[in-house]
Amino acid sequence: MKPSIPQGTRDFGAASIRKRDFIFQTIRTAFTLHGFEPLETPAFEKLETLMGKYGEEGDKLIFKILNNGLDKKAEKAQAAFDNVLLGKNEPKLTERALKYDLTIPFARYVAMNHGQLAMPFKRFQIQNVWRADRPQKGRYREFTQCDADIVGSQSLLNEVELSNIYHNVFEQLQIPVSICINNRKILLALAQQCGDEQLITALAVAIDKLDKIGLEKVVIELSDRGFSIENIDLIKKYLATAQLNTNDEKLESIEQLFGENELAKEAIGELKSVLTHCSFLAIDFTLARGLDYYTGSIFEVKPTTVQMGSIGGGGRYDDLTGLFGVKDVPGVGISFGVDRIYDVMEELEVFPADITSQKEVLLINFGEEYATDLLSIAKELRNANIPTVIFPDAKKLDKQSKYANKRGFEYVIFFGEDEKKNAQVQLKNFITGDKQIVTIDEAIKLINA
RNA sequence: GAGGAUAUAGCUCAGUUGGUUAGAGCGCUGGUUUGUGGUGCCGGAGGUCGUGGGUUCGAGCCCCAUUAUCCUCCCCA
């Protein structure tokens, strides 16, 4: 058979792992410096833990794991399978699923352990998640998320801290981004004005498309969804804020639009409070975000110079653990999409040059009789923190040298008959081509220089 | 779920209106200095043209089906 990997997955070679590690390190350091503690949860959860948390679409995109020992009757299995395809829970066929994001498993963890956790609880989590989505540019079926959440605190200071993490990390990674903020309460207020808070989902879906399909088509979609002409007129006025340039202008026009609406006043107050400390944030009243569990601030990060979907997102949820029977644990969190960040950085060519080159040394093998010497040279080099490879076979020297060249060793050490007589080594710099005969200690100094 | 594109050597691709032994670059491999790589020069291996049918005297090229991948929309990181 022709070897291949499943759709939407990737292998990571040495070069890409080093680059990915660079991103992970940057994010992990920022999380740690802001006092978040690490957490890991299983790759798969009980299906019931995940189902119904991501909306109808989300349920279909969850990777379900087939049970072992399935019912042998074909019709029964088929019926169960059809249920699963409809996005229903079907314990006879599948009762576990790969995790879809890090937030819901985290909520499950908090709900299970809230008695023991020191509140406010701050955790970060860097793990893979899986989605049975159709892969395309910047979209994978297995990808890595880096989440930081704070639960057990209503304070907007948390929003400020998380915003600062976004700001710091993308600055360090040298990705020009716009970090957008909005507040779900303002959308809820808009739904209220339209006569029904339940309309928020339909409203959010339509509004979110503004920059993609344009105002006219949004209006058409809204009217298809049954919004009245007066309501659409209101929504149009609301969307007009997207044209304004500054946060102040946007806030002002929204204030005028909503007047004395309590929710709107709350939302505006919260936005202003966060903006006081984070002037880099950009208000975007058309930002909606699909996930239903957000209730307050919502964030989204987009690269400004590269065509790519959002590379980060998050928001406040007042009752995430309520889904698991634990009330009154409000929280707020953000997420980084490492895979997209990687693609963006690759496109912008902003990976530091030195992460791909390692100061490694190759010891040329002149034959079995030198094994003991090579091992002790290697030991000295490694004690000096120099990654060292002993070429295992006494192949021709040009073969060994070619290997050194191909793998990108910075130094090669020759230790053969002549060198052994003088208790020295020949150190060759494979970048410059310079050779010199020196003692091992001198070689170590030269390499570490 | 809807739409579009592609499938030829290990990789990236070319292949002209269907016409003999299907090409290039890179990579791999051997030699060019029998203790030294990268650049040069010479040589070599490697493809039942995604799969299955059909049209034709003849198909990499045309038609149908199928599978896979990529891209767009939906949705998202």
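Everything numeric here is computed off the predicted structure, so don't read it as measured data. Naming: A, B, ... by sequence-line order, numbering from 1 per chain.
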For residues 376-384 of chain A, which side-chain N or O atoms pair as donor and acceptor with protein atoms under 3.5 Å away, sequence neighbours left out?
from, atom 1, to, atom 2, distance (Å)
A/S376, OG, A/D373, O, 3.1
A/R382, NH2, A/T388, O, 2.8
A/N383, ND2, A/K379, O, 3.4

message: Once ring-ring contact (aromatic ring centres under 6.0 Å, His included) is applied, do any residues pair with A/Y140, and if so which ones, sequence neighbours excluded?
response: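 Not a single residue meets the ring-ring contact (aromatic ring centres under 6.0 Å, His included) criterion with A/Y140.
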Considering only heavy atoms and no angle criterion, is a donor-acceptor pair shorter than 3.5 Å present between the side chain of [X] and the base of [N]?
| X | N | answer |
| --- | --- | --- |
| A/R340 | B/C76 | yes |
| A/Q400 | B/G35 | no |
| A/Q426 | B/U36 | yes |
| A/R139 | B/A77 | no |

- prompt: Can you name the side-chain contact (heavy atoms from CB on, under 4.5 Å) partners of A/Q7, sequence neighbours left out?
  reply: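 So A/Q7 forms a side-chain contact (heavy atoms from CB on, under 4.5 Å) with A/P135, A/R141.
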- prompt: A/A443: what forms a side-chain contact (heavy atoms from CB on, under 4.5 Å) with it, not counting sequence neighbours?
  reply: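 Once residues adjacent in sequence are excluded, the partners of A/A443 under the side-chain contact (heavy atoms from CB on, under 4.5 Å) criterion are A/V425, A/L427, A/V438.
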When the [atom1] atoms of [N] and [M] are considered, how many whole Å apart are they?
| N | M | atom1 | result |
| --- | --- | --- | --- |
| B/U12 | B/A7 | C1' | 14 Å |
| B/G46 | B/G23 | C1' | 14 Å |
| B/U67 | B/G53 | C1' | 14 Å |
| B/A59 | B/U8 | C1' | 14 Å |
| B/A45 | B/C63 | C1' | 37 Å |
| B/U6 | B/C49 | C1' | 14 Å |
| B/G25 | B/U66 | P | 39 Å |
| B/C61 | B/U48 | P | 16 Å |

So, using side-chain hydrogen bond (donor to acceptor under 3.5 Å, both in side chains) as the criterion, who are the partners of [X] when residues are at least two apart?
| X | answer |
| --- | --- |
| A/D434 | A/T432 |
| A/R123 | A/Q125, A/D149 |
| A/E346 | A/K19, A/Y342 |
| A/T439 | A/E442 |

field: Contact summary for A/C278 and A/S163, nearest pair of heavy atoms
entry: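 The answer is SG-CB, 3.8 Å.
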Shortest non-hydrogen separation from A/T321 to A/A107 and the atoms involved: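 Taking every non-hydrogen atom into account, CG2-O, 3.6 Å.
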message: Tell me if the centroids of the rings in A/F280 and A/Y166 come within less than 6.0 Å of each other.
response: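 Centroid distance A/F280-A/Y166: not below 6.0 Å, so no.
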Output field: ring centroids A/Y54/A/Y100 closer than 6.0 Å: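 Distance test on ring centres: under 6.0 Å, yes.
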Which nucleotide, [options], lies nearest any side-chain atom of [X]?
| X | options | value |
| --- | --- | --- |
| A/K399 | B/C74, B/G30, B/A77 | B/G30 |
| A/Q136 | B/C73, B/U36, B/A77 | B/C73 |
| A/K435 | B/U36, B/U69, B/G27 | B/U36 |
| A/D418 | B/G35, B/C70, B/C74 | B/G35 |
| A/L397 | B/C76, B/U36, B/C28 | B/U36 |
| A/F414 | B/G35, B/G27, B/C76 | B/G35 |

- request: Answer yes when A/R10 and A/D339 have at least one side-chain N-carboxylate O distance shorter than 4.0 Å, and no when they do not.
  value: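 A/D339 and A/R10: salt-bridged.
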- request: Would you mind checking if A/K46 and A/E95 are paired as a salt bridge, meaning a charged N to carboxylate O distance below 4.0 Å?
  value: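 No, no charged N to carboxylate O under 4.0 Å.
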task: Map every base of RNA chain B to its dot-bracket character, where paired means a Watson-Crick or G-U wobble contact with both distances under 3.5 Å and | marks a partner outside the strand.
output: (((((((..((((.....[...)))).(((((.......))))).....(((((..]....))))))))))))....
What is the distance, rounded to the nearest whole Å, between atom [atom1] of [X] and atom [atom2] of [N]?
| X | N | atom1 | atom2 | answer |
| --- | --- | --- | --- | --- |
| A/K406 | B/U29 | NZ | C1' | 11 Å |
| A/E300 | B/C75 | CD | C1' | 12 Å |
| A/R20 | B/A77 | CZ | C1' | 12 Å |
| A/Y100 | B/C76 | OH | C1' | 6 Å |
| A/K395 | B/G30 | NZ | C1' | 14 Å |
| A/D59 | B/C74 | CG | P | 21 Å |
| A/Q424 | B/G35 | CD | C1' | 17 Å |
| A/L363 | B/G37 | CG | P | 18 Å |

- request: Between A/Y140 and A/N429, just flag the one whose closest nucleotide in RNA chain B comes earlier from the 5' side.
  value: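 Closest to the 5' end, via its nearest nucleotide, is A/N429.
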- request: Name the residue closer to the 5' end of RNA chain B, choosing between A/Y403 and A/V301 according to the nucleotide with the nearest heavy atom.
  value: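 Its nearest nucleotide lies further toward 5', so the answer is A/Y403.
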message: OP1 or OP2 of B/U69 versus the side-chain N and O atoms of A/Q7: is any pair under 4.0 Å?
response: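 True: A/Q7 side-chain N/O within range (under 4.0 Å) of B/U69 OP1/OP2.
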- request: Establish, with yes or no, whether the OP1 or OP2 oxygen of B/G31 is under 4.0 angstrom from a side-chain nitrogen or oxygen of A/K396.
  value: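 For B/G31, OP1/OP2 do have a side-chain N/O of A/K396 under 4.0 Å.
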Please classify the nucleic acid contact of [X] as base, sugar-phosphate, or nothing, using heavy-atom distances under 4.0 Å.
| X | value |
| --- | --- |
| A/F336 | nothing |
| A/D398 | sugar-phosphate |
| A/Q145 | sugar-phosphate |
| A/E142 | nothing |
| A/S310 | sugar-phosphate |

field: Nucleotide-resolved protein contact map, nucleotides 2-7 of chain B, B/S/- at heavy-atom distance under 4.0 Å
entry: BB----
Please write out each protein N/O paired with an N/O of nucleotides 38-42 of chain B under 3.5 Å, distance rounded to 0.1 Å.
from, atom 1, to, atom 2, distance (Å)
B/G38, O4', A/N405, ND2, 3.3
B/G38, N2, A/I431, O, 3.3

message: Checking A/R316 now: which residues fulfil salt bridge (charged side-chain N to carboxylate O under 4.0 Å, His left out) with it, not counting sequence neighbours?
response: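 A/R316: salt bridge (charged side-chain N to carboxylate O under 4.0 Å, His left out) contacts with A/E159.
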